[in-house]
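Positions are given from 1, in the same order as the sequence printed here.
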Amino acid sequence: MTNLNEYFGGRIINAKELTPELKRTLLDQGAIQTAATYQIRGERYCRRCLMRLPQKSEKYDYCRHCINLGKISSSDTLLITNADIIFPTQEKYLNWDGELTDNQRKGVHELLNAFDRHQDHLIWAVTGAGKTEMIFPLIEQALINQQRVAICSPRVDVCIELFPRLQKVFPKTAIGLFHGKSLEKYHLTQIAVMTVHQLIRFEKAFDVLIIDEVDSYPLAGNQMLHQAIKNLKRV
């Protein structure tokens, strides 16, 4: 049997990529089966990336917006796998002995307040200001709540740089690094570090979403990626 850990966590999967046995197992484990397209006021949309599809009279009857993640045709069926995961508790989550400045502590206080109120929050600071260290307490609180965290960036190099830093300060928490050039195959982790394009592969999968460099290409002004961000967060 295929390792089911590679499928769970709110993954959007084309059913034709699965064996009948694996499909039945995922459905038994709470996966939702849905059509690959849906309609709003006569317009068709891709169920994975939420972008408009061509009219049926047009030559290409598949989604060209997210084709780099695998071809989705209007006749396909998708599975959205179970995202209700219970993660193990720990006595101590954060292993960091650094100190925050007064301004950083103020920023952390605002972050945690926004977290408690389920609100978005922006940290705007120059490179080297310690923004990464400021998210440590936020991630710690999410882990204490047994929640799942996605940390994303438009840039692969930023993800690669963040990954070992997070592994070091959260040594007992499962952390994955996922991007288009990664050799690491997807597996269920409580913290996922990934490029924003990988968000399209998930639906309502994460409780907390942290995005670095929101004004960078290709995220800035990209409708598909902004919709993926909205579609990623759990209610």
So for atom [atom1], which belongs to [X], do other residues, nucleotides or ligands contribute more than 12 heavy atoms lying within a distance under 6.0 Å?
| X | atom1 | answer |
| --- | --- | --- |
| D116 | CG | yes |
| H109 | NE2 | no |
| K16 | NZ | yes |
| Q119 | CD | yes |

Looking at side-chain heavy atoms only, is the closest gap between [X] and [Y] below 4.5 Å?
| X | Y | result |
| --- | --- | --- |
| Y62 | I67 | yes |
| F202 | I12 | no |
| L26 | D28 | no |
| I123 | M134 | yes |

Would you compute the distance between atom [atom1] of [X] and atom [atom2] of [Y] and round it to the nearest 0.5 angstrom?
| X | Y | atom1 | atom2 | value |
| --- | --- | --- | --- | --- |
| N145 | E140 | CG | CD | 10.5 Å |
| R48 | I80 | CZ | CD1 | 11.5 Å |
| Q141 | L111 | CD | CG | 12.0 Å |

Looking at [Y] and [X], is there a salt bridge between them, counting it only when a charged N and a carboxylate O are closer than 4.0 Å?
| X | Y | value |
| --- | --- | --- |
| R44 | D61 | yes |
| D84 | R234 | yes |
| E133 | R165 | yes |

What I want to check is whether the side chains of [X] and [Y] have a donor and an acceptor closer together than 3.5 Å.
| X | Y | answer |
| --- | --- | --- |
| Q146 | T89 | no |
| N222 | H226 | no |
| Q33 | K23 | yes |

Pair T37, L53 - check side-chain contact (heavy atoms from CB on, under 4.5 Å), show working. CA-CA 8 Å; T37 64; L53 291 168; 3.1 Å; yes

Over all heavy atoms of both residues, which pair between [X] and [Y] is shortest? Give the atoms and the distance, please.
| X | Y | value |
| --- | --- | --- |
| G9 | T81 | N-OG1, 3.7 Å |
| I160 | P164 | O-CD, 3.0 Å |
| K204 | A83 | O-CB, 3.7 Å |
| L112 | P137 | CD2-O, 4.0 Å |
| C63 | C46 | SG-CB, 3.7 Å |
| I200 | C49 | CG2-CB, 3.8 Å |

Run the ring-ring contact (aromatic ring centres under 6.0 Å, His included) test against H187 and tell me which residues pass, sequence neighbours left out. F178

According to ring-ring contact (aromatic ring centres under 6.0 Å, His included), who are the partners of F87, at least two apart in sequence or on a separate chain?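 For F87 there are no ring-ring contact (aromatic ring centres under 6.0 Å, His included) partners, ignoring immediate neighbours.
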
If you draw the axis of the six-membered ring of Y186, does the NZ or CZ of R11 fall within 45° of it and under 6.0 Å from the ring centre?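 Positive - R11 is close enough to the ring of Y186 and near enough to its axis.
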
With a cut-off of under 6.0 Å to the ring centre and 45° to the axis, is R148 in cation-pi contact with F206?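 The answer is yes, since R148 meets both limits relative to F206.
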
Would you please test D120 and K233 for salt bridge (Lys or Arg N to Asp or Glu O under 4.0 Å) and show each step? CA-CA 12 Å; D120 295 337; K233 294 184 294 183; 3.5 Å; yes

Full working for side-chain contact (heavy atoms from CB on, under 4.5 Å) between M224 and H65: CA-CA 8 Å; M224 179 177 68; H65 300 283; 3.8 Å; yes

Assigning hydrophobic clusters by single linkage (Ile, Leu, Val, Met, Phe, Trp, Tyr; side-chain heavy-atom cutoff under 4.5 Å), is M194 placed with Y7? yes

Check the hydrophobic clustering (I, L, V, M, F, W, Y; side-chain heavy atoms under 4.5 Å; chains of links allowed) and say if I229 and I135 are grouped together.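 Different clusters.
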
Does the T189 side chain pair with the main chain of I191, one donor and one acceptor, at a distance under 3.5 Å?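 Checked: pair present.
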
Show, in sequence, the C-alpha distance, side-chain angles and deciding distance for R47 and E203, and conclude whether the salt bridge (Lys or Arg N to Asp or Glu O under 4.0 Å) test is met. CA-CA 10 Å; R47 186 67 173 77; E203 180 172 309; 2.5 Å; yes

Show your reasoning for whether side-chain contact (heavy atoms from CB on, under 4.5 Å) applies to L27 and I32. CA-CA 7 Å; L27 289 171; I32 297 172; over 6 Å; no

For a side-chain hydrogen bond (donor to acceptor under 3.5 Å, both in side chains) check, start with the C-alpha distance between N231 and Q227, then their side-chain angles and the critical distance, and finish with the verdict. CA-CA 6 Å; N231 199 40; Q227 289 182 154; over 6 Å; no

Run L4 and L22 through side-chain contact (heavy atoms from CB on, under 4.5 Å) and show every step you take. CA-CA 8 Å; L4 292 178; L22 180 54; 3.5 Å; yes

Among T77, L78, L79, side-chain contact (heavy atoms from CB on, under 4.5 Å) partner for T34: L78

